[in-house]
Amino acid sequence: EAPATGKASTRFDLEKETELRFEVESGEAAEQVELELLTGMAEVFGSELNRNKKYTFGPGSKIAVFTWQGCSVNLFGKPEVAYVSKDTPMLLYLNTHAALEQMRKQAERDNERGPRVMVVGPTDVGKSTVCRLLLSYAVRVGRRPTLVELDVGQSGVSVPGTVSALCIERPADVEEGFSVQAPLVYHFGSTTPGTNIKLYNKLTSRLAEVFSQRCEVNRKASVGGCIINTCGWVKGSGYQALVHCASAFEVDVVLVLDHERLYNELKRDLPHFVRVVLLPKSGGVVERSKECRRDTRDEKIREYFYGFRGVSFYPFSFEVRFSDVRIYKIGAPSIPDSCLPLGMSQDDTQLKMVPVTPGRDLTYHVLSVSSAEDGEEGARKDIVESPVCGFIVVTYVDTQTQVMKVLSPAPRPLPRHTLLIMDIRFMDMK
Ligand code: ATP
């Protein structure tokens, strides 16, 4: 049926308000799957498909093709699974979008700010997907919402270990997601907020501040509001971090996916004017194993250096003298209160810039290049709250000659000389 690719094809006829779910096998050797819309209209996570265009999905992709009116599509290749489901929460998600759009209209009329929305829930309930959907719908009706990415484990915007904000100007690309141009990125340094909750909360506040400043000078951004994606850690300090985020951003709406207790707790603990809404998760969301998450993180870093699909980047490798850079880790190991020097609190230790002496154990670590000016000691405090301008990976350390080799997206020299070390490592297997 498909002589062009030579791949077997399967046709699916979808009734209105149903979706075709399919997964592409994971692993290097896995075959890609192509999707083509033949008749009718359909969308993938809020982005409309063009007819007679082939969309390619790589290993590990988990996709839903939803149709409001009915359509028929072809799949080329051998997906791991492919089935049609009539049972989706899409109507509820669309209604949520409609309610947010009402709030934007009202904000426009009354010269106020648009909705600030926080999406919460445990892991694997489709938080990122709901964010993407709501952002794409908003931008399709002409809004300019902002995505705030607080999921340090699986960031949709930058490499893992960061928090960020991105202005959304067009719907997500069906294959590649949102175009990531000029995001605002901050260094966190690890894949779970628990490693340094003080820093995590500090960065959340910082992002809220910067977003609010932007809203003051940009009316479209203000009316568009923001959609905040959060981590799946919803207990203990993880829960406190959500409450902190709600207050830092002064959120108006919290969407709780599939977690009744969390919904009740937030209703109890957030101010009464915050609308807390419980939404079901989609049955299509696939649980991901630890390995799968690690692979996705690795892939994100690889993309940063080598590009994605059609776009290839060619990273540089060069030597950096220890004496030319200052490497810090944010946060000293916590010590019992009784041992703290007089006048110092635990907060201070978690936000402290601890100088790192380069050694062999630095190999493979990802380092953020801070945009902070290469100032003197006094400037150290600003470093935590300065955005990063890029990332490098240490590929080799020579303690004898006091030099390390790094992988960098840009040629030497480094734009700045303050480097922040991440817990995250990347082994370049290319
Ligand atoms: P995390 O725990 O990492 O925060 P999450 O709750 O944000 O996860 P998503 O990343 O949104 O979850 O979704 C998990 C996976 O399920 C993704 O690969 C996504 O493409 C897929 N997925 C989401 N919705 C559907 C659906 N309706 N049908 C098929 N796959 C889906």
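Everything quoted here is computed from the prediction, not taken from an experiment. Whatever order the structure lists ligands and atoms in, that order sets their numbers, starting from 1. The residues of the chain are indexed from 1 along the displayed sequence.
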Atom indices of ligand 1 within 4.0 angstrom of [X] heavy atoms, with elements:
{"X": "V125", "result": "6 (O)"}
{"X": "Q154", "result": "3 (O)"}
{"X": "I63", "result": "29 (C)"}
{"X": "T123", "result": "2 (O)"}
{"X": "V286", "result": "16 (O)"}

Examine ligand 1 and decide if any of its atoms is less than 4.0 Å from a heavy atom belonging to [X].
{"X": "E23", "answer": "no"}
{"X": "R132", "answer": "no"}
{"X": "G126", "answer": "yes"}

Review point. Between the candidates R21, M90, K62, which shows the shortest non-hydrogen contact distance to atom 21 (C) of ligand 1?
Key: K62
**Study point:** Proximal candidate to atom 25 (C) of ligand 1 [heavy atom criterion; set W233, F57, F66, F45]
**Key:** F45
So, for [X] and [Y], which heavy atoms are closest and what is the spacing to 0.1 Å?
{"X": "L49", "Y": "L37", "value": "O-CD2, 3.8 Å"}
{"X": "Q350", "Y": "I330", "value": "O-CG2, 3.9 Å"}
{"X": "K300", "Y": "V159", "value": "O-CG1, 4.4 Å"}

Exercise for review: Identify whether the distance between the nearest side-chain nitrogen and carboxylate oxygen of R143 and E101 falls below 4.0 Å.
Suggested key: yes
Review point. For the residue pair Y93 and Y137, is the inter-centroid distance of their aromatic rings smaller than 6.0 Å?
Key: no
Review point. Does K62 reach the main-chain N or O of G60 with its side chain, forming a donor-acceptor pair under 3.5 Å?
Key: yes
Check your understanding: Side chain, backbone, both or neither: which part of E19 has a heavy atom under 4.0 Å from ligand 1?
Key -> side chain
Check your understanding: Relative to each other, are the rings of F391 and Y304 parallel, tilted or perpendicular (30° and 60° limits)?
Key -> perpendicular
